Amino acid sequence: MALAVSTSSTSAISGSSFSRASSNHNELRAPQIGSFHLLDRPHAASIALNVSQRRSSVKPINAEPKRNGSIVPLAATIVAPEVVEKVDVKVEDYDQLAKDLNGASPLQIVDKALEKFGDDIAIAFSGAEDVALIEYAKLTGRPFRVFSLDTGRLNPETYQFFDAVEKHYDIHIEYMFPDAVEVQALVRNKGLFSFYEDGHQECCRVRKVRPLRRALKGLRAWITGQRKDQSPGTRSEIPVVQVDPVFEGMDGGVGSLVKWNPLANVEGKDVWSFLRAMNVPLNSLHTKGYVSIGCEPCTRPVLPGQHEREGRWWWEDAKAKECGLHKGNLKQEEAGVNGNGLAHANGSADVADLFDTQDLVTLSRPGIENLLKLENRKEPWLVVCYAPWCRFCQAMEDSYVELAEKLAGNGVKVGKFRADGGQKEFATQHLQLESFPTVLFFPRHSSKPIKYPSEKRDVDSLMAFVNALR
């Protein structure tokens with residue numbers, strides 16, 4: 001599936017670039033949450049990312065025309081961009097920008113996001129009340145893009161809603177689909193409803209997180225419908241804009257993707273007032289008691305007085321109401337990290353372990369010591385030295401698990417070694433540990449491991465490292 005590419009009816013997409021709609025008015029006027037005055041664009045204060053006029057000749061993700069009879073999975077098959085000329089980029093202070101925009105209206109924030117990133121940003125549409133984001137994007141008069149994740153388990157009403165939104169806004173939403181082989185393996189091994197028995201994370205990783213990761217690798221920013229009041233346990237502190245703490249963008253590496261949350265400071269009741277005022281299409285499930293809407297087996301109506309997230313994964317702990325798309329929302333204290341970003345002294349904070357898959361070997365201290373001593377190994381090894389509380393380790397979890405699954409039976413063993421707490425000194429002395437995570441490749445005929453030198457921890461980059469050495 002390709003990344004959803006959408007434009008308002010006043011905009012046209014041609015070939016490899018957007019034809020940007022021009023606007024003569026200086027102030028956008030529409031019912032919205034709060035009040036705002038949008039700055040005149042020609043004279044707006046330049047908080048934006050300063051990119052030189054000589055833009056890189058990175059091949060763009062070409063927009064598709066509406067309903068051309070053939071859906072080409074562009075974002076799903078993105079190839080590493082060919083860069084002919086380097087882009088001059090000024091590093092943006094997004095913490096400060098979040099403070100500057102904290103009191104802005106959603107329309108102002110969406111407009112600023114589209115202004116800064118153009119066709120390198122897209123709206124993530126879940127098929128619920130986040131249709132408000134599409135309405136705001138239309139009101140800016142700027143071209144915009146929309147994508148959605150089709151897990152294969154959505155309600156019929158959600159598919160009908162997608163169709164209604166396309167017709168209402170005259171846009172073409174394209175969808176990211178899960179890998180058919182992965183879904184087949186999951187269902188054959190564990191059945192259609194394994195998440196009721198052992199939790200939703202594995203199913204969400206296959207059906208949602210990995211497709212999202214592929215989509216975001218074709219972008220530099222994305223727009224979400226997250227609100228602080230949606231999930232007090234995990235979303236109460238989300239800013240209106242941030243460097244994405246989990247996913248990577250097209251440039252790869254930490255900090256290569258920006259995440260916009262225009263509705264962060266808006267209450268749900270105000271979003272609904274806006275939707276009714278603008279007379280936009282709505283998912284008919286909302287009239288049946290559904291508030292937060294996801295996959296059919298994992299979503300149910302809520303009763304009056306219940307929080308909206310109580311209708312999601314209701315059989316699990318109330319604090320675990322994230323599917324992995326917004327994993328970075330988990331607070332540091334919940335991840336066993338103190339205010340300085342350092343692990344608790346004993347390194348044994350009560351936090352869930354990472355990289356849980358049958359294709360990956362958990363190494364103990366004696367195990368990693370034996371691996372270090374061997375000079376002639378039967379197979380090469382790839383090992384990550386990690387700490388479960390480290391947000392960078394958490395961010396690479398899906399990539400490393402996917403890599404382990406790809407390498408299973410292909411002549412490379414994949415392992416993990418928890419190197420915090422009492423193991424940190426040993427790892428520093430013998431495993432080249434300077435920061436978490438540290439990835440090491442143990443060749444077949446050498447005792448000395450080779451350290452992965454890059455901060456790009458996506459599957460393709462890690463696989464290229466392994467292929468170059470094995």
Side-chain angles (χ1 to χ4, degrees), residues 1 4 71 76 123-134 146-167 173-215 224-227 230-231 234-235 268 271-272 275 280-304 306-318 320-327 398:
M1 126 103 213
I71 297 179
I123 297 169
F125 179 44
S126 71
E129 80 279 3
D130 53 354
V131 67
L133 296 172
I134 301 178
V146 180
F147 74 93
S148 189
L149 307 175
D150 185 347
T151 65
R153 303 296 293 268
L154 303 179
N155 288 277
E157 292 89 343
T158 299
Y159 291 111
Q160 294 165 4
F161 179 45
F162 285 145
D163 183 63
V165 168
E166 286 187 320
K167 292 175 179 176
I173 301 174
E174 298 170 12
Y175 306 90
M176 292 299 295
F177 294 94
D179 182 273
V181 174
E182 291 184 354
V183 173
Q184 177 177 282
L186 174 65
V187 173
R188 284 184 175 180
N189 291 334
K190 306 185 72 171
L192 287 166
F193 300 98
S194 61
F195 37 81
Y196 291 140
E197 302 295 330
D198 56 14
H200 70 275
Q201 296 296 341
E202 183 177 16
C203 185
C204 285
R205 182 165 62 236
V206 170
R207 294 181 181 272
K208 299 177 72 173
V209 178
R210 289 177 182 168
L212 176 65
R213 190 179 298 278
R214 294 198 305 270
T224 85
Q226 292 189 102
R227 305 191 319 272
Q230 279 176 326
S231 186
T234 62
R235 301 186 179 184
V271 174
W272 279 99
L275 294 175
V280 303
L282 299 174
N283 192 323
S284 62
L285 288 173
H286 290 306
T287 65
K288 302 174 183 178
Y290 292 79
V291 182
S292 178
I293 300 173
C295 293
E296 186 276 332
C298 302
T299 306
R300 69 179 183 180
V302 295
L303 299 173
Q306 282 188 300
H307 192 273
E308 63 186 80
R309 297 292 279 188
E310 290 188 57
R312 303 288 294 278
W313 309 295
W314 58 90
W315 65 92
E316 295 185 6
D317 179 10
K321 302 293 188 178
E322 293 290 354
C323 61
L325 304 188
H326 304 296
K327 191 172 182 178
D398 294 310

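All of these numbers come straight from a predicted model, not from anything done at the bench.
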K.L.:
Apply side-chain contact (heavy atoms from CB on, under 4.5 Å) to V187 and N189, showing your working.
P.N.:
CA-CA 6 Å; V187 173; N189 291 334; over 6 Å; no
K.L.:
Could you tell me the separation between the OG1 atom of T151 and the CE atom of M176, rounded to the nearest 0.5 Å?
P.N.:
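Reported to 0.5 Å precision, the distance equals 13.5 Å.
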K.L.:
Check the pair L212 / F147 against side-chain contact (heavy atoms from CB on, under 4.5 Å), numbers first and verdict last.
P.N.:
CA-CA 9 Å; L212 176 65; F147 74 93; 3.6 Å; yes
K.L.:
Are side-chain heavy atoms of S292 and T299 found at a separation under 4.5 Å?
P.N.:
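A side-chain contact is absent here, since even the closest heavy-atom pair is not under 4.5 Å.
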K.L.:
Quick check for you: to the nearest 0.5 Å, what is the distance between E174 atom CD and E166 atom CD?
P.N.:
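Reported value, rounded in 0.5 Å steps: 9.0 Å.
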K.L.:
Are any non-hydrogen side-chain atoms of Q160 and D163 less than 4.5 angstrom apart?
P.N.:
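Sidechains of D163 and Q160: no contact.
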K.L.:
Indicate whether any N or O donor in one side chain lies under 3.5 Å from an N or O acceptor in the other, for T158 and N283.
P.N.:
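On atom types as modelled, these side chains qualify, holding a pair under 3.5 Å.
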K.L.:
How about Y159 and D150: does a side-chain donor come under 3.5 Å of a side-chain acceptor?
P.N.:
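Their side chains do contain a donor-acceptor pair, which is all the 3.5 Å distance test asks for.
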K.L.:
How about R210 and D179: do any of their side-chain heavy atoms sit closer than 4.5 Å?
P.N.:
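Sidechains of D179 and R210: no contact.
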K.L.:
Salt bridge or not for R207 and E182, using N-O below 4.0 Å?
P.N.:
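Here R207 does not pair with E182 in a salt bridge, since their nearest N and O are not under 4.0 Å apart.
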K.L.:
Identify the two heavy atoms, one from A164 and one from P281, that lie closest to each other, and give their separation to 0.1 Å.
P.N.:
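Closest approach of A164 to P281, heavy atoms only: O-CG, 4.1 Å.
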K.L.:
Is the shortest side-chain heavy-atom distance between I293 and H286 below 4.5 Å?
P.N.:
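Yes. Closest side-chain heavy atoms under 4.5 Å.
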K.L.:
Nearest 0.5 Å, please: how far is SG in C295 from NE2 in H200?
P.N.:
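These two atoms lie 10.5 Å from each other.
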K.L.:
Quick one: sort the F195 and F193 rings into parallel, tilted or perpendicular, breaks at 30° and 60°.
P.N.:
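Because their plane-to-plane angle is over 60°, the rings of F195 and F193 count as perpendicular.
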K.L.:
What are the two closest heavy atoms between P178 and P211, and how far apart are they?
P.N.:
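Closest pair (atom of P178, atom of P211, distance): CA-CG, 3.6 Å.
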K.L.:
Any heavy-atom pair between the side chains of V165 and F162 that's under 4.5 Å?
P.N.:
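Counting from C-beta outward, F162 and V165 never come under 4.5 Å.
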K.L.:
Quick one: are L149 and F177 in side-chain contact, heavy atoms under 4.5 Å?
P.N.:
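No; the side chains remain at least 4.5 Å from each other.
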K.L.:
Between R227 and E129, is there a side-chain heavy-atom distance shorter than 4.5 Å?
P.N.:
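A side-chain contact under 4.5 Å exists here.
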K.L.:
Using a 3.5 Å distance criterion without hydrogens, assess whether the side chain of Y196 forms a donor-acceptor pair with backbone atoms of P297.
P.N.:
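Yes; at least one donor-acceptor contact below 3.5 Å.
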K.L.:
May I ask you to say whether E157 pairs ionically with K288, meaning some side-chain N is under 4.0 Å from a carboxylate O?
P.N.:
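Counted as a salt bridge, because a side-chain N and a carboxylate O are separated by less than 4.0 Å.
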K.L.:
To the nearest 0.5 Å, how far apart are NZ in K190 and SG in C203?
P.N.:
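One gets 9.5 Å once the value is rounded to the nearest 0.5 Å.
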K.L.:
Going by heavy atoms in the side chains, are F125 and D130 under 4.5 Å from each other?
P.N.:
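They are in contact (side-chain heavy atoms under 4.5 Å apart), so the answer is yes.
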K.L.:
Before you tell me yes or no, could you show the steps for F161 and L154 under side-chain contact (heavy atoms from CB on, under 4.5 Å), namely the whole-Å CA-CA distance, both residues' side-chain angles and the distance that decides it to 0.1 Å?
P.N.:
CA-CA 11 Å; F161 179 45; L154 303 179; over 6 Å; no
